[in-house]
Colleague: 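Structure in structure tokens, see below.
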Amino acid sequence: MAKEKGGKKALAPKIEEEALRLAKPLIEKAGCRLYDVCFEKEGAMWYLRVLFDNEDGMDSDKCEELSRPINELFDRQKFIEQVDILEIGTPGVYKKLRKPEHFKESLGQRVSAHVKSDGGERYKTGILEEYDEEEASITVEGEKIKLSKCIKVNYEPEELEEYDAEETESVDIRSDMTEENDD
């Protein structure tokens with residue numbers, strides 16, 4: 001059987017646009033902000049990611065409160081047939097910067113750019129000093145980088161809260177799984 005011309009990659013902009021149109025009102029109604037909608041291939045799978053955040057931060061209850069209605073709504077859409085994995089959640093600490101508004105919001109913040117270069121690949125980490133939408137470039141620590149040369153650019157937090165292993169409860173997952181399998 002012949003593959004359709006363009007395949008899922010050609011459908012990506014339409015799927016992203018439709019998912020954004022449907023999810024945005026639900027996310028805003030919950031007092032959150034739609035960060036990004038991205039339909040992309042990773043390995044053999046096509047992921048549809050609907051990412052949202054909130055100035056006050058997100059907890060698992062708020063994520064679940066938003067995920068359920070979005071999932072139910074998407075399940076009734078024709079485009080969901082193209083999606084292998086639907087992820088609904090936050091962009092995480094290391095937010096991926098893809099859109100002009102992401103770069104504008106991150107000006108003056110620390111970022112990490114994974115860049116293609118003549119010698120292979122390299123990373124440039126530092127303060128995002130400039131975003132030039134006309135030239136499609138960013139300036140990080142005095143170096144101007146074309147976005148077409150970037151594999152990805154992520155927000156890079158200065159510091160993360162220290163993980164205190166003593167304050168967390170340790171669970172032996174293997175013993176829990178063994179007990180379930182013995183039934």
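Heads up: numbering here begins at 1 and tracks the sequence.
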Colleague: Do you reckon Val153 sits in the same ILVMFWY cluster as Tyr94, going by side-chain contacts under 4.5 Å, direct or chained?
Modeller: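 Hydrophobic grouping puts Val153 apart from Tyr94.
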Colleague: Treating Asn154 as the side-chain partner and Glu156 as the backbone partner, does any N or O pair qualify as donor plus acceptor under 3.5 Å?
Modeller: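 No, Asn154 side chain to Glu156 backbone: no donor-acceptor pair under 3.5 Å.
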Colleague: List the atom of Tyr35, the atom of Lys95, and the distance in Å for their closest heavy-atom pair.
Modeller: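 It is OH-CB, 3.5 Å.
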Colleague: Which value, rounded to the nearest 0.5 Å, describes the distance between Asp75 atom CG and Leu86 atom CG?
Modeller: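 If we round to the nearest 0.5 Å, Asp75:CG and Leu86:CG are 7.5 Å apart.
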Colleague: Rounded at 0.5 Å granularity, tell me how far NZ in Lys96 sits from NZ in Lys152.
Modeller: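 Between Lys96 NZ and Lys152 NZ, I get 7.5 Å after rounding to 0.5 Å.
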Colleague: Is Arg33 salt-bridged to Glu101, going by a charged N under 4.0 Å from an acidic O?
Modeller: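 Glu101 and Arg33: not salt-bridged.
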Colleague: Rounded to the nearest 0.5 Å, what's the gap from CD1 on Ile15 to SG on Cys38? Could you check?
Modeller: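 SG of Cys38 is found 11.5 Å from CD1 of Ile15.
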Colleague: Can we call the ring centroids of His102 and Tyr155 under 6.0 Å apart?
Modeller: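 His102 vs Tyr155: aromatic centres not under 6.0 Å.
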Colleague: So, does Lys8 use its side chain to make a donor-acceptor pair with the main chain of Glu40 at under 3.5 Å?
Modeller: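 A pair under 3.5 Å: no.
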Colleague: With a 4.5 Å cut-off on side-chain heavy-atom distances among I, L, V, M, F, W and Y, is there a chain of contacts connecting Leu51 to Ile80?
Modeller: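 No: no chain of side-chain contacts under 4.5 Å links Leu51 to Ile80.
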Colleague: Can you see which heavy atom on Glu129 is nearest to which on Gly142, and at what distance?
Modeller: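 That closest heavy-atom pairing would be OE1-N, 2.8 Å.
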Colleague: Taking the side chain as every heavy atom from C-beta outward, state whether Glu87 and Tyr47 have any pair of such atoms under 4.5 Å apart.
Modeller: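 A side-chain contact exists here, since the closest heavy-atom pair is under 4.5 Å.
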Colleague: Measure the CZ-CG distance between Arg21 and Leu34 for me, rounded to the nearest 0.5 Å.
Modeller: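 Reported value, rounded in 0.5 Å steps: 13.5 Å.
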Colleague: Please determine whether residues Phe52 and Leu22 belong to a single hydrophobic cluster, defined as Ile, Leu, Val, Met, Phe, Trp and Tyr linked transitively by side-chain heavy-atom distances below 4.5 Å.
Modeller: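 Shared cluster, yes.
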Colleague: For Lys24, look at atom NZ and say whether over 12 heavy atoms of other residues, nucleotides or ligands are found less than 6.0 Å away.
Modeller: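 No, because the 6.0 Å sphere around NZ of Lys24 holds 12 heavy atoms or fewer from other groups.
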Colleague: When rounded to the nearest 0.5 angstrom, what distance separates OG1 in Thr139 from CG in Asp132?
Modeller: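 Between Thr139 OG1 and Asp132 CG, I get 7.5 Å after rounding to 0.5 Å.
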Colleague: So which heavy atom on Pro91 is nearest to which on Asp53, and how close?
Modeller: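 Scanning both residues, the minimum pair turns out to be CD-CB, 4.2 Å.
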Colleague: What I want to find out is whether Arg122 reaches Glu143 closely enough, with some N-O distance under 4.0 Å, to be called a salt bridge.
Modeller: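 So Arg122 pairs with Glu143 through a salt bridge.
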Colleague: Mind checking the CZ-CD1 spacing from Arg49 to Ile85? Nearest 0.5 Å is all I need.
Modeller: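 Answer for the CZ-CD1 pair, Arg49 versus Ile85, is 8.0 Å.
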Colleague: Do side-chain atoms of Lys144 reach the backbone of Ser137 as a donor and acceptor pair under 3.5 angstrom?
Modeller: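 Judged by distance alone, no pair lies under 3.5 Å.
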Colleague: Does NZ in Lys149 sit with more than 12 non-hydrogen atoms of other residues, nucleotides or ligands closer than 6.0 Å?
Modeller: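 Atom NZ in Lys149 is not crowded, with 12 or fewer foreign heavy atoms closer than 6.0 Å.
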Colleague: Could you work out, with side chain to side chain contact (heavy atoms under 4.5 Å, CB included) as the rule, every residue matching Ala12, not counting sequence neighbours?
Modeller: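 Checked Ala12 against side chain to side chain contact (heavy atoms under 4.5 Å, CB included); matches are Phe39.
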Colleague: May I ask you to test the Phe74-Val83 pair for a side-chain heavy-atom distance under 4.5 Å?
Modeller: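 Side chain of Phe74 against side chain of Val83, heavy atoms only: no contact under 4.5 Å found.
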Colleague: May I have the step-by-step check of salt bridge (Lys or Arg N to Asp or Glu O under 4.0 Å) for Asp36 and Arg98, ending in yes or no?
Modeller: CA-CA 9 Å; Asp36 202 359; Arg98 302 190 320 131; 2.7 Å; yes
Colleague: May I ask you to decide if Ile127's main-chain N or O and Glu141's side chain share a donor-acceptor pair within less than 3.5 Å?
Modeller: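 Flag set: sc Glu141 to bb Ile127 pair under 3.5 Å.
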Colleague: Looking at every heavy atom in both Ala44 and Asp84, which two are closest together, and how far apart are they?
Modeller: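 Minimum heavy-atom separation between Ala44 and Asp84: O-OD2, 4.0 Å.
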Colleague: Sorted by first residue and then second, give each side-chain hydrogen bond (donor to acceptor under 3.5 Å, both in side chains) pair with at least one member in residues 65-74; sequence neighbours left out.
Modeller: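 Matches after skipping sequence neighbours: Glu64-Arg68.
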Colleague: Taking the inter-plane angle between the rings of Phe103 and Tyr131 on a 0 to 90° scale, is it parallel (under 30°), tilted (30 to 60°) or perpendicular (over 60°)?
Modeller: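 The rings of Phe103 and Tyr131 lie parallel, inter-plane angle below 30°.
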Colleague: Leu20 and Pro25: which non-hydrogen atoms are nearest, and at how many Å?
Modeller: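 Minimum heavy-atom separation between Leu20 and Pro25: O-CD, 4.5 Å.
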Colleague: Is the NZ atom of Lys14 crowded by more than 12 outside heavy atoms at less than 6.0 Å?
Modeller: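 Not more than 12 within 6.0 Å, no.
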Colleague: Is any side-chain heavy atom of Val50 less than 4.5 Å from a side-chain heavy atom of Leu66?
Modeller: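 Side-chain contact under 4.5 Å: no.
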Colleague: Side chains of residues 109-119: which donor-acceptor partners sit under 3.5 Å, not counting sequence neighbours?
Modeller:
unit_1: Ser112; atom_1: OG; unit_2: Thr125; atom_2: OG1; d: 3.4
unit_1: His114; atom_1: ND1; unit_2: Tyr123; atom_2: OH; d: 3.3
unit_1: His114; atom_1: NE2; unit_2: Glu121; atom_2: OE1; d: 2.7

